[in-house]
Amino acid sequence: MPREAKAKKQERAVEVCRRMEELYPEAECALHFSGAFECVIAVSLSAQTTDANVNKVTPELFSRWPDPQTMAQADVGEVEEVIRSIGFYHNKARNCVSCAQTIMADFGGEVPDTMEDLQKLPGVGRKTANIVLNNIFDVVEGIAVDTHVFRLAHKLKLSNATTPSATEQDLLALIPQELWKPVNHQWILFGREYCDARRPRCDECPLVDLCPSAGK
């Protein structure tokens, strides 16, 4: 297959976004949270597990420790017991408490609103920071690349990067900034409905003509 010119790839990426908007015009984050602190914690917990699993543990978690002040004083072992049904719960429990302590100590009890400061919080990487900025502060600095976005970017041949951060940079170079905001939520929904990792529905896919990997 001949190498695709960047201008053609950009046109294809924009058309992907246009069709995603037609399919999912009101796509929202599947995680349940209220406010900035709950968003940070919920998204951090979602790493390497499903949103549905996170939504099962956060009601009790946020009921017992609803804000940075209370979470900062929580016993890590008790947090572990609440979230033990999700993957890597030992590390995630420590990060919950450390994150709250950092918010209290370094940010006056308020979740920071910049990419740089958010990534200073334990358990928060660029993906989580992007989602928090997007959903809570209406700031769009990038595209949150989770497993769905990573997989679709590669299936669509919009990136061949080996890491989420590098994949994000490839997408940012192809997709105009005014289209970044809904990408994560829309592509997650598309991955679940059409492009399942094990059983992609290529024969029904509304992007089949834009996907070099269709049927493979």
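As the structure is a prediction and not an experimental result, all values here were calculated from the model. One-based numbering along the sequence shown.
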Dump the intermediate steps for side-chain contact (heavy atoms from CB on, under 4.5 Å) on Asn53 and Ser85, then the final yes or no.
-> CA-CA 8 Å; Asn53 284 338; Ser85 62; 6.0 Å; no

If only atom types and distance count, is the side chain of [X] paired as donor or acceptor with the main-chain N or O of [Y] below 3.5 Å?
{"X": "Thr49", "Y": "Ser46", "value": "no"}
{"X": "Asp170", "Y": "Ser165", "value": "no"}
{"X": "Thr58", "Y": "Leu61", "value": "no"}
{"X": "Asn55", "Y": "His32", "value": "yes"}
{"X": "Glu21", "Y": "Cys17", "value": "no"}
{"X": "Glu78", "Y": "Ala74", "value": "no"}
{"X": "Gln186", "Y": "Tyr24", "value": "yes"}
{"X": "Lys56", "Y": "Ile86", "value": "no"}
{"X": "Arg19", "Y": "Pro206", "value": "yes"}
{"X": "Lys9", "Y": "Glu4", "value": "no"}

Pairwise side-chain contact, [X] with [Y], heavy-atom cut-off 4.5 Å (strictly under):
{"X": "Leu118", "Y": "Leu121", "value": "yes"}
{"X": "Leu158", "Y": "Leu171", "value": "yes"}
{"X": "Lys127", "Y": "Glu168", "value": "no"}
{"X": "Glu193", "Y": "Arg201", "value": "yes"}
{"X": "Val97", "Y": "Trp65", "value": "no"}
{"X": "Pro176", "Y": "Val14", "value": "yes"}
{"X": "Met71", "Y": "Phe37", "value": "yes"}
{"X": "Lys181", "Y": "Asp138", "value": "yes"}

Checking side-chain contact (heavy atoms from CB on, under 4.5 Å) for the pair Leu152/Cys195: CA distance, chi angles, key distance, verdict?
-> CA-CA 8 Å; Leu152 287 175; Cys195 200; 3.6 Å; yes

Could you go through the side chain to side chain donor-acceptor pair (under 3.5 Å) check for Asn95 and Ser98 one step at a time?
-> CA-CA 5 Å; Asn95 283 337; Ser98 296; 5.4 Å; no

Hey, is [atom1] on [X] packed in by over 12 heavy atoms from elsewhere, all under 6.0 Å?
{"X": "Glu116", "atom1": "CD", "result": "no"}
{"X": "Glu178", "atom1": "CD", "result": "yes"}
{"X": "Glu28", "atom1": "CD", "result": "no"}
{"X": "Glu15", "atom1": "CD", "result": "yes"}

Which atom pair, heavy atoms only, marks the closest approach of [X] to [Y]?
{"X": "Leu156", "Y": "Leu210", "answer": "CD2-O, 4.0 Å"}
{"X": "Glu80", "Y": "Tyr89", "answer": "O-CD1, 3.7 Å"}
{"X": "Pro68", "Y": "Gly109", "answer": "CG-O, 3.8 Å"}
{"X": "Ile175", "Y": "Leu179", "answer": "CG2-CB, 3.7 Å"}
{"X": "Gly191", "Y": "His148", "answer": "CA-ND1, 4.0 Å"}
{"X": "Asp113", "Y": "Leu133", "answer": "O-CD2, 3.3 Å"}

If you round to the nearest 0.5 Å, how far is [atom2] of [Y] from [atom1] of [X]?
{"X": "Leu174", "Y": "Glu11", "atom1": "CG", "atom2": "CD", "answer": "11.5 Å"}
{"X": "Cys202", "Y": "Lys155", "atom1": "SG", "atom2": "NZ", "answer": "5.0 Å"}
{"X": "Arg84", "Y": "Lys92", "atom1": "CZ", "atom2": "NZ", "answer": "14.0 Å"}
{"X": "Gln48", "Y": "Asn91", "atom1": "CD", "atom2": "CG", "answer": "10.0 Å"}
{"X": "Cys205", "Y": "Tyr194", "atom1": "SG", "atom2": "OH", "answer": "7.5 Å"}
{"X": "Gln10", "Y": "Lys6", "atom1": "CD", "atom2": "NZ", "answer": "5.5 Å"}

For Trp180, which of Leu172, Asn130, Asn134 qualifies under side-chain contact (heavy atoms from CB on, under 4.5 Å)?
-> Leu172

Test of understanding: clusters of I, L, V, M, F, W, Y form through side-chain heavy atoms closer than 4.5 Å, transitively. Do [X] and [Y] belong to the same one?
{"X": "Trp187", "Y": "Ile131", "answer": "no"}
{"X": "Leu189", "Y": "Val54", "answer": "no"}
{"X": "Phe150", "Y": "Val43", "answer": "no"}
{"X": "Leu45", "Y": "Ile188", "answer": "no"}
{"X": "Val124", "Y": "Met104", "answer": "no"}

In sequence, state the C-alpha distance, the side-chain angles, and the governing distance for Thr114 and Val139, and then conclude on side-chain contact (heavy atoms from CB on, under 4.5 Å).
-> CA-CA 9 Å; Thr114 68; Val139 172; over 6 Å; no

Check against salt bridge (charged side-chain N to carboxylate O under 4.0 Å, His left out), Arg151 and Asp196 = CA-CA 10 Å; Arg151 181 166 49 80; Asp196 180 82; over 6 Å; no

For the pair Leu207 and Val16, evaluate side-chain contact (heavy atoms from CB on, under 4.5 Å) and give the outcome as yes or no after the intermediate values.
-> CA-CA 7 Å; Leu207 301 182; Val16 167; 4.1 Å; yes

